[in-house]
Amino acid sequence: MRLQSNSDDMSHHSDDGMLVPGSDSFWEPGNYKRTTRRIEDGEKLCRDLILLVQERSNIEKEYAKQMKTWSTKWNSIIEKGPEYGTTEAAWKAVLVEADRRCELHLRVKDNLVNDVVNSIKNWQKDNYHKQLLQLKEKKEMEDQFKKAQKPWAKLLEKVDKTKTNYHLACKNEKTAVNQERNATKDSSLSQDQVRKLQEKVSKAQEGVKKCKENYELALLDISNYNSRYQEDMTDVFERCQRKEAQRLQTFKDTLFSIHKSLNVCEDPALPQIYDEFYHTVNNADHEKDLRWWSNTHGVNMPMAWPQFEEYTEEFREIAPRSKKNQAIPDGNITLINQRSVCDDLPEYNVKPAVKKTDMNGAPKTGTTSINHNSDFNSSQVDRSTGPELHGERDVSAAMSVASTNPFEFDADSDSDKEDSENNGVKDANPFDDESEEWDDGGAYALVDN
């Protein structure tokens with residue numbers, strides 16, 4: 001038979017205790033577990049497929065990154081290198097192709113992650129639900145298989161039991177017959193002993209007959225239930241098949257999505273990349289490059305050939321330059337010296353000097369001189385009183401000081417002072433002697449010494 005079971009070791013509270021498979025047939029008790037295990041395998045395959053696509057997307061990302069690094073490196077080398085002209089552009093066309101392929105493979109990576117991986121995760125989430133130690137879908141199918149198989153498994157257990165009893169009865173009968181045959185040939189045995197052996201053979205034959213009837217009856221019962229058993233098991237099995245068909249179709253669609261994402265030949269940008277690559281290389285013109293080199297670095301460059309040049313007088317600045325980094329003072333300028341800048345002198349409201357006679361009685365001639373420098377060198381000009389005393393002369397003097405170097409006033413002041421001292425005596429101020437009478441008819445100019 002198909003089962004090897006021991007009824008004494010079975011538990012009456014365990015359905016799995018009597019389900020000991022004896023062959024590989026699906027109909028054997030417990031062999032449905034391979035079908036329910038497929039549900040668990042399907043969930044694991046989802047995780048494996050997600051991992052497969054993620055690793056491929058990482059490869060695409062790393063490839064794009066290395067292409068970009070390579071392109072950046074060689075672009076810098078070409079820019080700093082000796083290549084030039086259209087040939088340099090052809091060199092760079094290789095790098096442009098790498099940049100475009102980098103973008104293309106990044107799109108492949110994005111499509112794998114966003115379209116493929118997300119679709120698998122969503123389908124997995126909708127079709128597989130974990131509970132404690134196993135999947136909910138697997139447990140449901142196992143429960144339905146157990147329910148469909150349990151009645152038939154009990155009949156099978158009965159068949160196996162009656163079969164075992166029948167075989168044991170046949171064995172006992174065979175032993176009794178052999179003992180009875182040997183006893184008839186043994187003259188040492190009494191008639192009572194032989195008769196007992198003959199009775200034992202009769203009981204063994206009756207036991208064989210009874211066990212055979214029970215065995216045949218159990219087989220009849222299980223045979224009558226086989227159709228129902230097959231129907232129930234097939235129904236559960238078909239539900240598992242439909243679920244697995246859905247998984248297989250989903251995986252097929254997913255693999256098509258992977259094919260679409262990886263098939264860069266279908267990307268319309270790919271032919272354009274290589275068309276532009278070809279035209280850029282084809283546009284490399286050595287004659288044009290040589291002509292450019294001749295015009296830029298060769299015999300066609302313009303040249304200022306030597307020619308006769310007339311002497312041109314060089315002008316040199318006489319005035320000394322100011323010291324470098326000499327700071328110009330900020331703020332207001334204080335007038336510390338006054339110099340005459342023109343011959344126009346201001347008029348003072350003074351009386352003309354009275355004519356005097358010398359020791360011989362002759363009238364003295366000449367002019368009365370006022371030394372302005374000596375007056376102003378004695379003290380600084382006060383802004384608040386200067387304009388009131390001297391009028392336009394102070395404005396002119398201030399303009400003269402502002403237009404000259406503020407550090408050159410000392411030399412002028414000293415020279416004026418020396419001139420005044422060389423005259424022997426300082427000129428008197430006409431305003432000091434108020435008692436002198438001035439000649440109304442005389443008009444004398446005031447001279448600045």
(message) Please find the pair of heavy atoms, one from C102 and one from K68, that lie closest to each other, and give the distance.
(response) SG-CB, 4.1 Å

(message) Side chains of N300 and S294: any donor to acceptor distance under 3.5 Å?
(response) yes

(request) For E276 and Q272, test the side chains for any donor-to-acceptor distance below 3.5 angstrom and give the result as yes or no. (result) yes

(request) Measure the shortest side-chain to side-chain distance between W123 and Q246 over non-hydrogen atoms and say whether it is less than 4.5 angstrom. (result) yes

(request) Work out which heavy atom in V281 is nearest to a heavy atom in A90; give both atom names and the distance. (result) CA-CB, 4.1 Å

(message) Can you give me the closest heavy-atom contact between G42 and F251, atom names plus distance?
(response) O-CZ, 4.4 Å

(request) Answer yes or no: is there a donor N or O on one side and an acceptor on the other, between the side chain of R37 and the main chain of Y32, under 3.5 Å? (result) no

(message) Using 0.5 Å steps for rounding, measure from the CD atom of Q131 to the CG atom of L133.
(response) 10.5 Å

(message) With heavy-atom distances below 4.5 Å as the criterion, would you say the side chains of T86 and N283 are in contact?
(response) no

(request) Look up atom CG in D41 and atom CG in D48, then write down how far apart they are to the nearest 0.5 Å. (result) 10.0 Å

(request) Step through the shown structure and confirm whether more than 12 heavy atoms of other residues, nucleotides or ligands are within 6.0 Å of CH2 on W292. (result) yes

(message) Between D143 and K147 (salt bridge meaning N to carboxylate O under 4.0 Å), is one present in this structure?
(response) no

(request) Check whether any side-chain heavy atom of D232 sits under 4.5 Å from a side-chain heavy atom of Q149, and report yes or no. (result) no

(request) Could you tell me whether the side chains of S71 and D99 share a donor-acceptor contact shorter than 3.5 Å? (result) yes

(message) Measuring from atom CG of L106 to atom NZ of K61, what distance do you get when rounded to the nearest 0.5 angstrom?
(response) 9.0 Å

(message) So which atom in I120 and which in C46 form the shortest heavy-atom distance, rounded to 0.1 Å?
(response) CG2-O, 3.9 Å

(request) For the pair K146 and E142, find out whether any cationic side-chain nitrogen is under 4.0 Å from an anionic carboxylate oxygen. (result) no

(request) Would you kindly say whether R247 and Y128 are connected by a side-chain donor-acceptor distance under 3.5 Å? (result) no

(request) Taking all heavy atoms of N226 and all of I222, pick out the closest pair and write down the distance. (result) OD1-O, 2.8 Å

(request) Determine the interplanar angle of the F277 and Y274 rings, folded into 0 to 90°, and report it as parallel if under 30°, tilted if 30 to 60°, perpendicular if over 60°. (result) tilted

(message) With a 4.5 Å cut-off on side-chain heavy atoms, are R107 and L104 touching?
(response) yes

(message) For a 4.5 angstrom cut-off between non-hydrogen side-chain atoms, does M233 reach Q230?
(response) no

(request) Verify side-chain contact (heavy atoms from CB on, under 4.5 Å) between K138 and K33, making sure each step is shown before the conclusion. (result) CA-CA 9 Å; K138 178 185 176 183; K33 291 184 178 180; over 6 Å; no

(request) Decide whether Q134 and E40 meet the rule of one side-chain donor and one side-chain acceptor closer than 3.5 Å. (result) no

(message) Nearest 0.5 Å, please: how far is CD in E103 from CE in M67?
(response) 11.0 Å

(request) Apply side-chain contact (heavy atoms from CB on, under 4.5 Å) to L95 and I78, showing your working. (result) CA-CA 10 Å; L95 308 183; I78 294 173; 3.8 Å; yes

(request) With F237 as reference, evaluate F26, W27, F145 under the ring pair (Phe, Tyr, Trp, His ring centres under 6.0 Å) test and give the passing residue. (result) F26

(request) Would you please say whether a donor-acceptor pair under 3.5 Å links the side chains of T87 and D289? (result) yes

(message) Within a 6.0 Å radius of atom CZ on F256, are there more than 12 heavy atoms belonging to other residues, nucleotides or ligands?
(response) no

(message) Quick check: do R100 and V96 have side-chain heavy atoms less than 4.5 Å from each other?
(response) yes

(request) List the steps and the verdict of side-chain contact (heavy atoms from CB on, under 4.5 Å) for T36 and K139. (result) CA-CA 8 Å; T36 57; K139 186 176 183 303; over 6 Å; no

(request) Working to the nearest 0.5 Å, report the span between NZ of K161 and OH of Y215. (result) 15.0 Å

(request) Considering non-hydrogen atoms only, spot the tightest contact between R101 and I273 and give its length. (result) N-CD1, 4.3 Å

(message) I'd like to know if D115 and K260 make a salt bridge, using a cut-off of under 4.0 Å between side-chain N and carboxylate O.
(response) no

(request) Say whether, by atom type as modelled, one donor and one acceptor occur between the side chain of S76 and the main chain of T72 under 3.5 angstrom. (result) no

(request) Could you tell me how the ring of W152 sits relative to the ring of Y229: parallel (under 30°), tilted (30 to 60°) or perpendicular (over 60°)? (result) parallel

(request) Show your reasoning for whether side-chain contact (heavy atoms from CB on, under 4.5 Å) applies to M141 and T35. (result) CA-CA 9 Å; M141 291 295 103; T35 302; over 6 Å; no

(request) Count the heavy atoms belonging to other residues, nucleotides or ligands that lie under 6.0 Å from NE2 of H259, then report whether that count exceeds 12. (result) no

(request) Answer whether the closest heavy-atom distance between the side chains of L112 and V117 falls below 4.5 Å. (result) no

(message) What's the separation between atom CG in D275 and atom CG in N282, rounded to the nearest 0.5 Å?
(response) 12.0 Å

(message) Taking E88 first and then K92, would you say they form a salt bridge - that is, a charged N and a carboxylate O separated by under 4.0 Å?
(response) yes

(request) Let me see the working for E60 and R56 under salt bridge (charged side-chain N to carboxylate O under 4.0 Å, His left out), right down to the final yes or no. (result) CA-CA 6 Å; E60 296 290 334; R56 177 56 189 266; 3.0 Å; yes

(request) With the side chain counted from C-beta on, respond yes when N111 and V116 share a heavy-atom pair under 4.5 Å apart, and no when they do not. (result) no

(message) A quick test of your reading: do over 12 heavy atoms of other residues, nucleotides or ligands sit less than 6.0 Å from NZ of K243?
(response) yes

(request) Count the heavy atoms of every other residue, nucleotide or ligand shown that sit under 6.0 Å from CZ of R47, and state whether that count exceeds 12. (result) yes

(message) Check E238 with R242, please: is the shortest side-chain N to carboxylate O separation under 4.0 Å?
(response) no

